[in-house]
Chemist: 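Here's a structure for you.
The figures here come from the full heavy-atom set of this structure, side chains too, leaving out hydrogens, waters and symmetry mates. Not measured: the values here are computed from a predicted model.
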Amino acid sequence: MIKGIGIDICDINRFETAVKKNRKFLARVFSPGEIAYCRMKKNSVLHFAGRFAVKEAFIKSVSIDKTIALNEIEVANDRNGKPEIVLTPRIKAVLKLKKGKKLSVSISHTHNSAAAVCVIT
Ligand SMILES: CC(C)(COP(=O)(O)OP(=O)(O)OC[C@H]1O[C@@H](n2cnc3c(N)ncnc32)[C@H](O)[C@@H]1OP(=O)(O)O)[C@@H](O)C(=O)NCCC(=O)NCCS
């Protein structure tokens with residue numbers, strides 16, 4: 001059963017401007033693992049923006065009053081490249097509040113935008 005769904009689209013130009021304006025932005029929002037993953041890609045901004053969209057989509061999918069910081073939501077890719085949100089104790093606690101057991105995410109990018117969807121089942 002679906003317990004929550006969230007979607008987000010991130011405009012690449014706006015995202016890139018935000019990153020350039022605030023040098024601490026990446027370190028504040030992304031984990032070292034996420035930064036390493038994106039940095040090894042040819043066009044890293046697309047991958048950062050995709051992860052940013054996942055974080056926003058997750059927040060929408062849980063839609064709870066208790067706030068969760070963007071840097072508490074970490075995206076990792078499995079050996080096939082499939083993205084997933086790392087199930088930290090904090091994420092597990094949020095899932096429990098939604099009576100959810102599983103989180104599924106998907107990311108897509110073009111040169112102009114990155115989109116992500118998050119589903120709790
Ligand atoms: C995987 C695939 C669907 C990605 O589609 P695309 O149009 O090239 O690129 P998109 O921008 O839409 O999507 C990229 C995102 O897809 C996701 N992705 C990559 N591999 C994935 C997989 N096996 N399953 C689910 N999602 C995957 C990633 O999140 C990636 O973004 P990220 O690297 O920033 O995390 C595409 O490369 C494909 O169909 N490949 C053929 C099958 C294949 O080679 N599979 C590889 C694993 S066996």
Side-chain angles (χ1 to χ4, degrees):
M1 185 190 285
I2 292 179
K3 302 284 187 178
I5 185 164
I7 186 167
D8 192 65
I9 302 174
C10 185
D11 181 274
I12 300 298
N13 282 338
R14 282 185 61 196
F15 183 82
E16 206 165 16
T17 305
V19 170
K20 280 179 185 159
K21 265 192 190 163
N22 182 353
R23 287 180 178 199
K24 291 183 183 158
F25 177 80
L26 292 183
R28 236 184 40 222
V29 170
F30 298 98
S31 70
E34 289 175 315
I35 292 172
Y37 178 87
C38 297
R39 291 268 188 238
M40 75 179 185
K41 299 286 183 174
K42 200 169 136 197
N43 192 350
S44 61
V45 71
L46 298 184
H47 301 272
F48 277 118
R51 268 144 198 76
F52 190 82
V54 169
K55 291 166 194 261
E56 301 264 277
F58 173 74
I59 288 169
K60 289 178 186 175
S61 74
V62 293
S63 66
I64 46 169
D65 293 339
K66 224 175 177 187
T67 52
I68 180 156
L70 291 174
N71 64 8
E72 290 180 292
I73 306 158
E74 179 177 4
V75 180
N77 295 69
D78 74 8
R79 60 166 66 189
N80 294 320
K82 185 175 168 226
E84 48 203 17
I85 291 176
V86 178
L87 291 174
T88 59
R90 177 85 169 107
I91 296 291
K92 281 185 187 166
V94 172
L95 267 185
K96 206 172 165 192
L97 282 177
K98 286 291 288 184
K99 299 185 175 27
K101 290 211 168 105
K102 195 175 172 231
L103 262 179
S104 305
V105 299
S106 189
I107 301 174
S108 186
H109 350 78
T110 67
H111 289 297
N112 305 316
S113 54
V117 65
C118 175
V119 180
I120 301 173
T121 46

Chemist: If you take all heavy atoms of F58 and I73, which pair is closest and at what distance?
Modeler: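 Smallest heavy-atom distance, with atoms named: CD2-CD1, 3.6 Å.
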Chemist: Just how far is it from atom CZ of F52 to atom CD1 of I12, taken to the nearest 0.5 Å?
Modeler: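 Between F52 CZ and I12 CD1, I get 11.5 Å after rounding to 0.5 Å.
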Chemist: Could you measure the distance from the CD1 atom of I85 to the OG atom of S104? Nearest 0.5 Å is fine.
Modeler: 9.5 Å
Chemist: Give the intermediate values and the outcome of side chain to side chain contact (heavy atoms under 4.5 Å, CB included) for residues L70 and I59.
Modeler: CA-CA 9 Å; L70 291 174; I59 288 169; 3.7 Å; yes
Chemist: Find out if a path of hydrophobic residues (ILVMFWY) with successive side-chain heavy-atom gaps under 4.5 Å connects L26 to L46.
Modeler: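 Hydrophobic grouping puts L26 with L46.
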Chemist: May I ask you to test the V94-I68 pair for a side-chain heavy-atom distance under 4.5 Å?
Modeler: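 The answer is yes; the side chains approach within 4.5 Å.
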Chemist: Which pairs, with at least one residue in residues 93-106 and sequence neighbours excluded, count as a salt bridge (Lys or Arg N to Asp or Glu O under 4.0 Å)?
Modeler: none
Chemist: Please list all pairs meeting salt bridge (Lys or Arg N to Asp or Glu O under 4.0 Å) that have one or both residues in residues 68-81, counting only residues at least two apart or in different chains.
Modeler: E72-R90
Chemist: Working to the nearest 0.5 angstrom, can you tell me the gap between N22 CG and T17 OG1?
Modeler: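 The OG1 atom of T17 is 12.5 Å from CG of N22, to the nearest 0.5 Å.
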Chemist: Within a reach of under 6.0 Å around CE of M1, are more than 12 heavy atoms found that belong to other residues, nucleotides or ligands?
Modeler: no
Chemist: Partners of E16 by side chain to side chain donor-acceptor pair (under 3.5 Å), sequence neighbours excluded?
Modeler: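 Once residues adjacent in sequence are excluded, E16 has no partner under the side chain to side chain donor-acceptor pair (under 3.5 Å) criterion.
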Chemist: Determine whether V62 and I7 fall in the same hydrophobic cluster, where Ile, Leu, Val, Met, Phe, Trp and Tyr are linked whenever their side-chain heavy atoms lie under 4.5 Å apart.
Modeler: no
Chemist: Kindly give the heavy-atom pair with the smallest separation between A27 and I35, and that separation in Å.
Modeler: CA-CD1, 4.2 Å
Chemist: Would a single hydrophobic cluster contain both V75 and Y37, if residues Ile, Leu, Val, Met, Phe, Trp and Tyr are joined by side-chain heavy-atom contacts under 4.5 Å?
Modeler: no
Chemist: Taking side-chain contact (heavy atoms from CB on, under 4.5 Å) as the definition, give me every residue that meets it alongside L87, ordered by chain and number, with sequence neighbours left out.
Modeler: I91, K92, L95, L103
Chemist: Please tabulate, for side-chain N and O atoms in residues 105-121, each donor-acceptor pair with protein atoms closer than 3.5 Å (sequence neighbours left out).
Modeler:
residue	atom	partner	partner atom	Å
T110	OG1	N112	N	3.1
T110	OG1	S113	N	3.1

Chemist: Give every residue pair that meets the side chain to side chain donor-acceptor pair (under 3.5 Å) criterion with at least one member in residues 42-57, sequence neighbours excluded.
Modeler: E34-K55, R51-N77
Chemist: What orientation do F15 and F25 show, parallel under 30°, tilted 30 to 60°, or perpendicular over 60°?
Modeler: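 Taking F25 first and then F15, their aromatic rings stand perpendicular (interplane angle over 60°).
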